[in-house]
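Residue numbers count from 1 along this sequence. Both ligands and their constituent atoms are indexed starting at 1 by order of listing.
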Amino acid sequence: MLKPVEGFSKFSKEEKIDWIAKNCTSDSEATAALLKTYWNTDLKLQKVHDEFIENTVSNYYLPFAIAPNFLINGELYAIPMVIEESSVVAAASKSAKFWLNKGGFTTRVIATEKVGQVHFMYAGPKEKIQAFFNQVKPLFFEESEAITKSMRKRGGGILDIELRDLTHKLDNYYQLHCTFETLDAMGANFINSCLEQFSKTLREQAALFTDFSETEKQLEVVMSILSNYVPNCLVRAEVSCPVEALDEAGSKSSNFAQKMVQAVQIAKAEPYRAVTHNKGIMNGIDAVILATGNDFRAIEAGIHAYAAKDGTYSSLTHASITDGIFKFWIEIPMALGTVGGLTSLHPLVKLALEILKKPNAKELMQVVAVAGLAQNFAALRSLVTTGIQKGHMKMHLLNLLNQLGATETEKKTLVAYFKDHTVTNAAVKEALEKIQKG
Ligand code: MEV
């Protein structure tokens, strides 16, 4: 039975491995060996990874791949993607190639505003807190000048601070709703530092405000934190072409463009479908977010909230046919960084950014939106034509063969065989057994 452990974080790495191997696994030697197999032999590099988080015992590999041929605003990109799902990079590449000779992707950053809030409780008349806020508002800016100095120098900083009355949602609940421009930084540290200073100013000034009663002076700050919901940090990506030019993507008789529009309409109308539809979009988005060292949890949370902004969870992409032109687009919010965080620490993140031509945050937003749109195009294209399993299982074939312990020669033979046979778990097992029996 597993027992609580004291001071685990103070153990050396070897001691941590020893503890986990002995207490949590059946074969402690094999566990220790496995964890060490994934260490980097370059100890300096390993230390960089060890120090990203606490209690590191090993590295966890994911494939780092490239989806080439993305034409974005007339410029060609090869997009780095980190993901485990077998068909994602193939699908992205296929979409990129499809749109390459049709004008490619057109993108635009609509806005770049980040958000943070000081949540506080105040039990008093609304007019008084409003009067107090109007009086002290300049102090929030002044007293955080040391924090905002270098960001202001580069053209960013605090955009605005508003007092929001949310007492209709929760008794006595108010907010300082603050907006920021953080340029090429995702901005979490900058925003949170500003917010903690605002909260200090708020408490100190409330205690001095002569119109407040003694209880009102005690307004209680509950917490100060950025919001990962950034509906005004928005990017749009689009593709379009004459309906006839889509024929090569589907079969002429199947009215492909119309079916694509219907597939999007279904995802707009129906949350069960919308969730899967958007999951496919996130396949592309998360893969680029991971490759470029950004925070995929923040991106996921913010984008899904945006998908529900009109009251029902709905599609992140849109499609139309007007005057014979098929148009397919996405509009999504995301706060990304190309400086700070892992961007200068993780060697593969640095490389990913170099492959993407060292983008600023706005350029990266556009690449990520394209990856999401391309992924959705590829998924819908399969869904409304051949069905998803054909391509998916083909890409999954190597995983199946590896699971079954096929040799390199067997794999080669079976990959060739399944070029014109349907891949299913049973069919692969049967075909492998057949070869093995000679
Ligand atoms: C699989 O990872 C993603 C899809 O299910 C997306 C979709 O259904 O649109 C294929």
Residue pair Ile158 / Phe198, side-chain heavy-atom distance below 4.5 Å: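 Yes. Closest side-chain heavy atoms under 4.5 Å.
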Test side-chain contact (heavy atoms from CB on, under 4.5 Å) applied to Pro80 and Ile66, Val367, Leu351, the passing residue: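 That would be Ile66.
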Where at least one partner belongs to residues 307-322, residue pairs that pass salt bridge (Lys or Arg N to Asp or Glu O under 4.0 Å), sequence neighbours excluded: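 Listed once each, the pairs would be none.
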Pocket residues of ligand 1, ordered first by chain and then by residue number (heavy-atom cut-off under 4.0 Å):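 Contacting ligand 1 under 4.0 Å are Glu85, Arg273, Thr276, His277, Lys279, Gly280, Asn283, Ala379, Leu383, Ile388.
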Pair listing, side chain to side chain donor-acceptor pair (under 3.5 Å) test, anchored in residues 56-71, at least two apart: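 Sorted result for residues 56-71: Gln46-Asn59.
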Set of side-chain contact (heavy atoms from CB on, under 4.5 Å) partners for Gln262, sequence neighbours left out: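 With neighbours one apart ignored, the set is Gln258, Lys259, Gln265.
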Polar side chain donor-acceptor pair, Thr112 to Glu181, under 3.5 angstrom: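 Side-chain D/A pair, Thr112 to Glu181: present.
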